[in-house]
Amino acid sequence: MKENVLQTNKNGLAVLVGAIVMDIAGIAAIVAACLTFDYEDAFAAALCFCIVGSALLIVSIFLYAGLKILKPQEALVLTLFGKYIGTLRGEGFYFVNPFCVSVNPAAGTRLGQSGDVDSRQSQSSAVLQAMTSGIVRPEVVTNKRVSLKIMTLNNSRQKINDCLGNPVEIAIAVTWRVEDTAAAVFNVDNYKEYLSLQCDSALRGIVRLYPYDTAPNVDTTGDGVADEGSLRGSSDIVGRRIRDEIQSKVANAGLEIIEARITHLAYAPEIAAVMLQRQQASAIIAARKMIVDGAVGMVEMALERLGENHTVELDEERKAAMASNLLVVLCGNRDAQPIVNSGSLY
């Protein structure tokens with residue numbers, strides 16, 4: 001179903017003025033009828049005034065029922081006797097057929113900023129609490145307007161296994177808006193709950209293609225060639241893939257996914273300590289490798305400089321001893337305490 005935007009209904013102010021005039025005329029007619037009843041020969045005229053006044057008041061009530069006010073970035077989906085007739089978009093004072101009914105199945109569903117879709121039970125309890133406290137907000141109970149604003153769905157954390165089988169905790173923030181109000185209202189039962197479920201499904205599908213950290217012989221793009229993609233190092237690419245996956249699922253619901261971003265990423269608690277030790281060991285090994293490479297270069301440079309100027313003539317055994325001592329000094333964790341030989345070199 002495609003959206004049909006109604007463009008010729010911004011005449012609510014004129015209808016309101018007409019309804020007020022009809023109310024005044026109707027009240028005046030009823031008052032005139034009451035005054036005329038005192039005369040016996042004017043009973044027919046009094047009855048006529050009463051009927052006309054009552055009719056004017058009844059018609060004005062119907063006119064009031066057809067008045068609709070929309071704020072910026074709001075829409076109203078209208079049906080007439082079960083048939084979709086159009087959508088009111090944009091701010092303004094509208095008048096529609098008084099028998100039209102606004103439809104929005106997701107009116108009682110709220111997308112939280114720190115959790116998933118609120119349940120209808122919690123929404124009902126909030127309404128009941130407002131009613132019992134004497135504060136009844138009509139927009140909470142009967143608001144059927146569809147918001148066209150850009151909104152954010154901040155899904156709760158999920159535990160998902162990455163492509164290596166390691167459990168990770170991940171959460172995403174999805175920025176979205178309603179693009180086609182008719183499709184959002186009529187193509188799915190509740191477009192907010194539908195969006196939340198599709199976000200969970202897309203997140204699980206994409207995360208299973210990536211390792212948490214860079215791993216060898218892993219193909220994350222599906223081209224058959226191993227790459228260096230990972231959840232931690234390729235967060236922008238992962239976010240775009242999640243966004244495209246969600247968009248493909250919710251296009252039939254008239255929703256537009258603007259952006260998807262990873263807001264939380266960590267190993268699951270049961271393996272977090274082990275993975276931390278693994279990362280620490282990798283960092284220590286990399287640091288040691290760099291230290292050894294530097295120390296070997298310094299030893300080679302020292303031997304070459306001593307040999308160039310014939311400062312000291314060393315045989316192979318003395319060179320090996322010197323190299324061993326320099327490596328111990330340069331690669332040690334503590335400062336060296338050298339012993340000075342004050343006698344002969346040999």
**Prompt:** Looking only at atom types and distance, does a side-chain atom of Ser60 sit under 3.5 Å from a main-chain N or O of Leu57, one as donor and one as acceptor?
**Reply:** yes
Please report, to 0.1 Å, the donor-acceptor pairs under 3.5 Å made by any side chain of residues 61-83, with sequence neighbours excluded.
unit_1, atom_1, unit_2, atom_2, d
Tyr64, OH, Asp23, OD2, 2.6
Glu74, OE1, Lys71, N, 3.1
Thr79, OG1, Val101, O, 3.2

**Asked** Would one find more than 12 heavy atoms of other residues, nucleotides or ligands at under 6.0 Å from atom CD of Glu259?
**Response** yes
**Prompt:** Ser201 side chain to Leu197 main-chain N or O, any donor-acceptor pair under 3.5 Å?
**Reply:** no
**Backbone N/O of Ile257 and side chain of Gln247: donor-acceptor pair under 3.5 Å** = yes
**Item:** Arg204 atom CZ, over 12 foreign heavy atoms within 6.0 Å
**Value:** yes
**Prompt:** Transitively linked via ILVMFWY side-chain contacts under 4.5 Å: Ile24 with Val21?
**Reply:** no
**Request:** Working to the nearest 0.5 Å, report the span between CE of Met151 and NZ of Lys192.
**Result:** 6.0 Å
**Item:** Residue from Val174, Ile170, Leu203 passing side-chain contact (heavy atoms from CB on, under 4.5 Å) with Ile242
**Value:** Leu203
**Request:** Give the minimum heavy-atom separation between Pro167 and Glu270, together with the two atoms involved.
**Result:** CG-OE2, 3.9 Å
**Message:** Could you check whether any side-chain N or O of Ser230 sits under 3.5 Å from a backbone N or O of Gly233, counting only pairs where one atom can act as donor and the other as acceptor?
**Reply:** yes
**Asked** Could you go step by step and tell me if Val146 and Tyr191 meet the side-chain contact (heavy atoms from CB on, under 4.5 Å) rule?
**Response** CA-CA 11 Å; Val146 178; Tyr191 63 88; 3.8 Å; yes
**ILVMFWY cluster, Leu56 and Ile30 together (side-chain gap under 4.5 Å)** = no
**Request:** Working to the nearest 0.5 Å, report the span between NZ of Lys10 and CG of Leu88.
**Result:** 9.5 Å
**Fill in**
Heavy atoms of Ala29 and Gly53 approach each other most closely as CB-CA, 3.7 Å
**Prompt:** To the nearest 0.5 Å, how far apart are CG in Leu231 and SG in Cys163?
**Reply:** 8.0 Å
**Asked** Are the side chain of Ser248 and the backbone N or O of Glu245 linked by a donor-acceptor pair below 3.5 Å?
**Response** yes
**Message:** As a test of understanding, state which of Asn161, Asp162, Val168 forms a side-chain contact (heavy atoms from CB on, under 4.5 Å) with Leu164.
**Reply:** Asp162
**Asked** Any side-chain heavy-atom pair from Thr221 and Asp219 closer than 4.5 angstrom?
**Response** yes
**Prompt:** Do Leu265 and Tyr212 touch side chain to side chain, with heavy atoms closer than 4.5 Å?
**Reply:** yes
**Asked** Can Leu209 be reached from Val218 by stepping across I, L, V, M, F, W or Y side chains whose heavy atoms are under 4.5 Å apart?
**Response** no
**Asked** OG1/Thr263 to CG/Asn154 distance, rounded to the nearest 0.5 angstrom?
**Response** 5.0 Å
**Prompt:** Would you say Val31 and Ile20 are hydrophobically clustered, going by side-chain heavy atoms of ILVMFWY under 4.5 Å?
**Reply:** no
**Fill in**
Ser196 and Leu153 have their tightest heavy-atom pair at CA-CD2, 3.8 Å
**Prompt:** Does Tyr84 use its side chain to pair, donor to acceptor, with the backbone of Asn4 at less than 3.5 Å?
**Reply:** yes
**Asked** If you group Ile, Leu, Val, Met, Phe, Trp and Tyr by side-chain heavy-atom gaps below 4.5 Å, do Ile85 and Val5 land in one group?
**Response** no
**Request:** Measure the NZ-CG distance between Lys2 and Asn187 for me, rounded to the nearest 0.5 Å.
**Result:** 12.0 Å
**Prompt:** Checking Arg177 side chain against Glu256 main chain: does a donor-acceptor pair fall under 3.5 Å?
**Reply:** no
**Message:** Test your reading of the model: is there a side-chain donor-acceptor pair from Thr220 to the backbone of Tyr210, 3.5 Å cut-off?
**Reply:** no
**Message:** Can a donor-acceptor pair be found, under 3.5 Å and without considering hydrogens, that links the side chain of Asn104 to the backbone of Val185?
**Reply:** no
Which donor-acceptor pairs under 3.5 Å do side chains of residues 92-99 form with protein atoms, sequence neighbours excluded?
unit_1, atom_1, unit_2, atom_2, d
Tyr94, OH, Arg89, O, 2.9
Tyr94, OH, Gly90, O, 3.1
Asn97, OD1, Phe99, N, 3.0

**Prompt:** What pair of heavy atoms forms the shortest contact from Gly229 to Ser234, and how long is it?
**Reply:** CA-OG, 3.6 Å
**Message:** Taking the side chain as everything from C-beta on, heavy atoms only, tell me whether Val238 gets closer than 4.5 Å to Val207.
**Reply:** no
**Prompt:** What heavy-atom pair brings Pro105 and Asn190 nearest, and what distance separates the two atoms?
**Reply:** O-ND2, 3.7 Å
**Item:** Side chain Glu3, main chain Asp180, donor-acceptor under 3.5 Å
**Value:** no
**Message:** I need the Cys199 SG to Tyr194 OH distance, nearest 0.5 Å.
**Reply:** 11.0 Å
**Request:** Would you indicate whether the side-chain heavy atoms of Arg261 and Ser235 approach each other to under 4.5 Å?
**Result:** no
**Prompt:** Where is the tightest heavy-atom contact between Asp200 and Gln158, given as atom of each residue plus distance?
**Reply:** OD1-NE2, 3.0 Å
